[in-house]
Amino acid sequence: MDDTVNAQGVNQANQTNQADQLGHSHQNTQAIKAAQADQSTKDTPAHSTDPSKQTVPIRCEGVAAVLMKKYLDQYHVLMLKRAGRMLHNEWCYIGGGIEYGEKAWEAALREIREETGITEVRLYSSNQFEQFYSPTEDYIYMAPVFVGYVREDQPVQLNHEHSEHRWMTFEEAKQHAALPGIDDILDFVEKHFAKKAPSKWLKINGD
């Protein structure tokens with residue numbers, strides 16, 4: 001997660017090619033043209049079918065990931081302290097942009113690896129989304145949230161984006177959350193992934 005893209009509501013988001021959102025449609029010429037046309041109007045005001053009204057664009061260009069591990073029979077959440085300009089010294093979980101050609105869950109695994117050094121993750125879709133409105137650019141940033149289970153003995157190796165990490169209880173993590181809404185996501189993750197076994201239909205990888 002760089003200083004212009006993060007799942008905790010950073011105002012600036014990378015401009016990603018919409019062809020990937022059409023299911024790797026770079027292999028399909030017509031789909032590419034459609035995606036390029038969409039990209040060309042991406043930053044222009046969107047309008048509803050009612051000519052007197054205007055809609056707010058939605059950009060889904062990033063992901064968030066909540067990592068958990070069990071310690072003394074209780075799940076803890078990995079929280080990272082931001083070192084960059086955006087959200088400086090705030091505690092966040094993992095997040096970042098989706099690169100060209102990636103699926104959202106692939107981006108989540110890559111961001112986990114880059115930000116924590118952790119490579120063994122049992123990953124699930126949480127069926128939740130982070131949302132943030134950017135008043136300067138007048139768009140809604142949205143990011144799917146993933147949940148990852150890691151082994152208790154896996155070490156964390158931070159990159160330059162964060163200065164500190166801590167495995168917190170869910171209550172501690174909610175108290176340290178950088179922005180409103182993150183505590184709601186943590187509540188949801190605790191209920192559906194910590195206090196009970198997650199649905200098998202949300203599983204992405206791992207045993």
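These figures come from a predicted structure and were not determined experimentally.
- Here P144 pairs with C60, V63, A104, F129, F146 under the side-chain contact (heavy atoms from CB on, under 4.5 Å) rule; sequence neighbours left out.
- With sequence neighbours excluded, the residues that form a side-chain contact (heavy atoms from CB on, under 4.5 Å) with Q154 are I118, E120, V150, R151.
- By the side-chain contact (heavy atoms from CB on, under 4.5 Å) test, A177 pairs with I182, sequence neighbours left out.
- A search for salt bridge (Lys or Arg N to Asp or Glu O under 4.0 Å) contacts involving D184 returns nothing, not counting sequence neighbours.
- Side-chain atoms of D50 and S52 form a donor-acceptor pair, as typed in the model, at a separation below 3.5 Å.
- What you find for V56 and Y139 is that their closest heavy atoms are CG1-CA, 3.8 Å.
- Between K196 and K191, the shortest heavy-atom distance links the atoms CG-O, 3.5 Å.
- Side-chain contact between L158 and V156 is present, with heavy atoms from C-beta onward closer than 4.5 Å.
- Considering every non-hydrogen atom in both E102 and A107, the closest pair reads OE1-CB, 3.2 Å.
- Neither L78 nor Y71 shares a network with the other; the hydrophobic side chains, linked directly or stepwise wherever heavy atoms of I, L, V, M, F, W or Y lie under 4.5 Å apart, form separate groups for each.
- The two residues G62 and Y141 make their nearest non-hydrogen contact at CA-OH, 3.2 Å.
- Looking at every heavy atom in both residues, G97 comes nearest to R110 through O-NH2, 2.8 Å.
- In this structure, the side-chain contact (heavy atoms from CB on, under 4.5 Å) partners of D183, at least two apart in sequence or on a different chain, are K174.
- Considering all non-hydrogen atoms of both residues, A178 and E90 come closest at CB-CB, 3.7 Å.
- Distance CG/D187 to NE2/H192: 10.0 Å, rounded to 0.5 Å.
- By the ring pair (Phe, Tyr, Trp, His ring centres under 6.0 Å) test, Y149 is found to be paired with Y75, Y124, residues two or more places apart in sequence or in another chain being considered.
- Note: E111 CD to E99 CD = 7.5 Å, rounded to the nearest 0.5 Å.
- The salt bridge (Lys or Arg N to Asp or Glu O under 4.0 Å) test applied to E172 returns no partner, not counting sequence neighbours.
- Here CD of Q157 is found 10.0 Å from NE2 of H165. Values are rounded to the nearest 0.5 Å.
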CA sep, side-chain torsions, deciding dist, call: Q74, F170, side-chain contact (heavy atoms from CB on, under 4.5 Å): CA-CA 10 Å; Q74 183 180 13; F170 275 92; over 6 Å; no
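- W201 forms part of no hydrophobic cluster, judged by ILVMFWY side-chain heavy-atom separations under 4.5 Å.
- Side chains of V145 and F188 form no contact here, defined as non-hydrogen atoms less than 4.5 Å apart.
- Taking the side chain as every heavy atom from C-beta outward, Q54 and D138 approach each other to under 4.5 Å.
- The OG1 atom of T116 lies 6.0 Å from the CG atom of L67; values are rounded to the nearest 0.5 Å.
- Here the CZ-NE2 distance, from R166 to H76, works out to 11.5 Å after rounding to the nearest 0.5 Å.
- Expressed to the nearest 0.5 Å, how far CG of N205 lies from CD of E106 amounts to 10.5 Å.
- Within the 4.5 Å cutoff, side-chain heavy atoms of F193 are placed close to those of S126.
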